[in-house]
Number of protein chains: 2
Amino acid sequence: MSTNPLLKGSLQTIILKLLEDNHQMYGYEITQKVKEVSEGEIMLTEGALYPALHKLEADGFLETFTQVVDNRVRKYYRLTEQGGKEVTSKMNEAQAFIEQLQTLLNLKPTTK
Amino acid sequence: MSTNPLLKGSLQTIILKLLEDNHQMYGYEITQKVKEVSEGEIMLTEGALYPALHKLEADGFLETFTQVVDNRVRKYYRLTEQGGKEVTSKMNEAQAFIEQLQTLLNLKPTTK
DNA sequence: TTATATACATAGTTTTCTTATGTATATAAA
DNA sequence: TTTATATACATAAGAAAACTATGTATATAA
């Protein structure tokens with residue numbers, strides 16, 4: 001099982017990337033998608049997800065609309081224009097982060 | 001410049017790995033080594049480093065001894081036996097973490 | 001004498017995540 | 001019928017990790 005600290009600061013990036021690839025998603029759907037893609041290893045709990053979504057919305061990266069399906073309310077999230085730019089930025093950051101970590105942990109052959 | 005959250009929870013792993021590769025190091029030396037290996041991108045600040053070292057020592061993964069060089073005290077850290085096992089465990093964790101992140105962010109070709 | 005480098009350390013604050021809890025509906029199982 | 005599980009949202013309390021700021025002290029270069 002993954003040592004939580006839920007992907008160590010990468011949650012926002014994961015959410016933004018999922019929304020870039022899927023155009024619109026609701027919270028519960030995101031938790032299931034993460035579970036599916038990670039083959040059950042990563043359980044995105046509500047206590048982590050919803051505050052993160054609310055923050056991204058407050059920061060202007062996401063916009064929302066609600067829809068009722070089977071008498072249950074779904075709150076859909078979509079990238080704003082600013083959010084679209086943010087995905088690119090965060091993805092570059094993530095790529096750089098992974099490379100730095102691999103270098104520091106000697107998980108990559110030295111380039112020189 | 002790297003968006004700090006200092007390698008997002010990987011600081012302990014980095015320290016342990018450096019100590020595995022170098023047998024013994026003192027705090028300041030670790031900051032310089034990280035700076036060097038990351039080509040100046042990662043500045044490990046004292047506020048992050050020293051508490052991390054103290055915690056690793058309290059957890060029984062590191063042992064210390066001091067030495068005076070040029071009238072300045074250096075506090076050297078070395079892996080304990082338990083620390084040696086911890087490095088292996090943390091490295092596996094880091095490898096899994098990187099793979100999960102790459103999968104979730106679509107930074108790797110799909111395996112199926 | 002002032003700034004920078006070396007070398008340690010802690011305090012206060014913020015961010016992020018965890019666990020726990022709460023509301024509510026639908027459906028499958030006992 | 002009642003209970004558990006799944007779907008769907010949300011917040012509150014607490015812990016962990018990192019940041020910024022500050023403090024002590026010596027050596028050296030400007």
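Treat the numbers as computed from the prediction; the structure is a model and nothing was measured. We name chains A, B, ... by the order of the sequence lines, and we start the count at 1 in each one.
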- [ ] Determine which pairs satisfy salt bridge (charged side-chain N to carboxylate O under 4.0 Å, His left out) with at least one residue from residues 69-81 of chain A, sequence neighbours left out, and list them in order.
- [x] A:Glu63-A:Arg78
Open item on the list: What's B:Glu46 touching, base or sugar-phosphate or nothing? Going by heavy atoms closer than 4.0 Å.
Closed with: base
Open item on the list: Of the listed nucleotides (C:dT16, C:dC8, D:dT11), which one gets closest to any side-chain atom of A:Tyr50?
Closed with: D:dT11
Open item on the list: If you assign B:Gly47 and B:Tyr26 each to the DNA chain C nucleotide with the nearest heavy atom, which residue ends up on the more 5' nucleotide?
Closed with: B:Tyr26
Task: Contacts of type salt bridge (Lys or Arg N to Asp or Glu O under 4.0 Å), residue A:Lys17, not counting sequence neighbours - done: A:Glu20, A:Asp21
- [ ] Can you sort out which residues in residues 62-74 of chain A have a heavy atom within less than 4.0 Å of DNA chain C? Ascending by number, please.
- [x] A:Asp70, A:Asn71, A:Arg72
TODO: Check step by step if side-chain hydrogen bond (donor to acceptor under 3.5 Å, both in side chains) holds for A:Gln95 and A:Glu99.
DONE: CA-CA 6 Å; A:Gln95 183 68 62; A:Glu99 271 162 34; 3.0 Å; yes
TODO: Supply the members, apart from B:Val69, of the Ile/Leu/Val/Met/Phe/Trp/Tyr cluster built from side-chain contacts under 4.5 Å; use none for a lone residue.
DONE: none
TODO: Tell me the stems DNA chain D sits in, counting at least three consecutive Watson-Crick or G-U wobble pairs, each under 3.5 Å on both distances.
DONE: C:1-30 with D:1-30
Task: Sequence neighbours excluded - ring pair (Phe, Tyr, Trp, His ring centres under 6.0 Å) pairs with any residue from residues 57-77 of chain A - done: A:Tyr26-A:Tyr76, A:Phe65-A:Tyr76
Can I get a per-line list of side-chain donor-acceptor pairs under 3.5 Å for residues 31-38 of chain B, giving both atom names and the distance, sequence neighbours left out?
{"from": "B:Thr31", "atom 1": "OG1", "to": "B:Tyr28", "atom 2": "O", "distance (Å)": "2.5"}
{"from": "B:Ser38", "atom 1": "OG", "to": "B:Val34", "atom 2": "O", "distance (Å)": "2.8"}
{"from": "B:Ser38", "atom 1": "OG", "to": "B:Lys35", "atom 2": "O", "distance (Å)": "3.4"}
{"from": "B:Ser38", "atom 1": "OG", "to": "B:Glu41", "atom 2": "N", "distance (Å)": "3.4"}
{"from": "B:Ser38", "atom 1": "OG", "to": "B:Ile42", "atom 2": "N", "distance (Å)": "3.0"}

Taking only distance into account, with no hydrogens and no angle test, what donor-acceptor pairs under 3.5 Å do side-chain atoms of residues 50-59 of chain A form with protein atoms, sequence neighbours excluded?
{"from": "A:His54", "atom 1": "ND1", "to": "A:Tyr50", "atom 2": "O", "distance (Å)": "3.3"}
{"from": "A:Lys55", "atom 1": "NZ", "to": "A:Asp59", "atom 2": "OD2", "distance (Å)": "2.8"}
{"from": "A:Glu57", "atom 1": "OE2", "to": "A:Thr64", "atom 2": "OG1", "distance (Å)": "3.3"}

Open item on the list: B:Gln102: which residues meet the side chain to side chain donor-acceptor pair (under 3.5 Å) condition with it, sequence neighbours left out?
Closed with: none
